[in-house]
Amino acid sequence: MTVQQFVDKFRLLTEVVSSYEAPGLLDVEIYDLLNISQRELALELCTKGKADTLYSLIVQGEVLLSSETIGPLPNNSKVYRGNLPDNFFYPIKGQIAISRTALSSSGFIPTYEMGNTIVSLKEVDVDFANNFIENPFNRNTILLNPLYWIESQESLNKARIKVIADSYTTVGAFTTIISQPNVVFTYIKTPTDITESATSELPEMLHEVILNKAVEKRNLSLTSNANKN
C-alpha cells in the first residue's frame with residue numbers, strides 16, 4: 001500500500017464519525033497514528049512468537065562487548081555489556097564467539113578448538129540474571145551457552161545487551177567479519193516511520209491491519225470527545 005493509499009483509505013474509513021466539531025486530520029497527523037499503530041502491531045506479533053511474520057524487518061547487527069564487575073561472581077567469571085544497534089526493536093537470537101578451557105581431566109566440559117567457536121546465546125530474563133549474579137553458589141556454575149538479557153531501552157535511550165560467561169570461557173571475536181565483533185545478533189529493527197515520501201516497511205499483507213488500528217484509534221478519540229460534550 002502506498003502512502004497516498006494509506007491516507008485516502010484512512011480518511012474514507014473515518015469520515016463516518018467525523019463532523020464539523022471534529023474535522024479531519026492533516027496528513028502529518030494521520031502519519032502519526034499510522035506510525036503508532038505499526039509499532040504496536042510489530043510488538044504484538046513479536047510477543048506472540050510471530051516475529052517471522054515481520055520478515056522485512058529482520059536484520060543482523062554486530063556487538064562489541066566490554067567486561068564489568070558485578071555481584072559476587074569471581075573475577076574469572078565474567079559479565080559483559082555492549083550496545084545494540086540504534087534501530088534495535090526486538091531480539092530474535094544471538095551468537096557469540098568463545099573459546100573454552102577443559103576442567104582438569106574430568107572430561108565433562110568440552111574442550112573447544114584453539115580458535116574461536118561460535119555458539120548460541122541463551123536468553124534469560126533480568127530477574128533470573130540478577131539472581132544468578134547475586135547468588136554466591138553460582139560462582140563455579142558451568143554455562144555451555146553464555147546467558148544474555150536486554151536492559152531497558154527507556155532508561156538508557158539505547159538498547160544494551162548483557163552477557164554472562166562462566167570462568168572456563170573466554171569471549172573471542174568473529175574473525176570472518178572485518179570489524180571482528182564478539183556477538184552477532186539477529187533482531188527485529190524498529191520500523192521506519194511512514195512519511196510523505198516513505199510507506200510502511202512492514203510486509204504488504206500487514207498494511208490493512210496497520211490502517212485499521214490507526215482508524216480505530218481515531219474513531220475512539222472522536223467518540224470519546226463526543227461523549228464529553
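Shortest non-hydrogen contact noted between Leu143 and Asp166 is N-OD2, 2.7 Å. Between Arg11 and Leu25, the shortest heavy-atom distance links the atoms NH2-O, 2.9 Å. Scanning all heavy atoms of the two residues, the minimum distance from Thr199 to Met1 falls at OG1-O, 2.7 Å.
When the side chain to side chain contact (heavy atoms under 4.5 Å, CB included) test is applied to Ala42, the partners found at least two apart in sequence or on another chain are Leu54, Phe89, Pro191. Checked against salt bridge (charged side-chain N to carboxylate O under 4.0 Å, His left out), Asp8 has no partners two or more places apart in sequence or in another chain. Every residue two or more places apart in sequence or in another chain that forms a ring-ring contact (aromatic ring centres under 6.0 Å, His included) with Phe6 is listed here: His207.
Salt bridge annotation for Lys9-Glu208: present, with a cationic side-chain nitrogen under 4.0 angstrom from a carboxylate oxygen.
Here Leu64 is tied to no hydrophobic group at all, with no ILVMFWY side chain closer than 4.5 Å.
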Side chain to side chain contact (heavy atoms under 4.5 Å, CB included) for Arg160 and Ile150? Distances and angles first, verdict last.
CA-CA 6 Å; Arg160 178 180 288 177; Ile150 306 297; over 6 Å; no
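Side-chain contact check for Phe174 versus Val184: some heavy-atom pair is nearer than 4.5 Å. Counting heavy atoms from C-beta on, the side chains of Tyr187 and Leu57 never come closer than 4.5 Å. Between Ile210 and Ser200 there is a side-chain heavy-atom pair separated by less than 4.5 Å. Looking at Pro91 and Tyr148, their side chains come closer than 4.5 Å, going by heavy atoms from C-beta outward. Side-chain contact between Arg218 and Leu13 is absent, with no heavy atoms from C-beta onward closer than 4.5 Å.
Under a hydrophobic-cluster definition in which Ile, Leu, Val, Met, Phe, Trp and Tyr are linked whenever side-chain heavy atoms come within less than 4.5 Å, directly or via other members, Tyr55 and Val209 are assigned to the same cluster.
Residue pairs meeting the salt bridge (charged side-chain N to carboxylate O under 4.0 Å, His left out) criterion with at least one partner in residues 171-190, sequence neighbours excluded, are Lys189-Glu201. The salt bridge (charged side-chain N to carboxylate O under 4.0 Å, His left out) pairs that include a residue from residues 41-67 are Glu44-Lys213, where partners are two or more places apart or lie in different chains.
No more than 12 heavy atoms of other residues, nucleotides or ligands lie within 6.0 Å of CD in Glu216, so this atom counts as exposed by the packing criterion.
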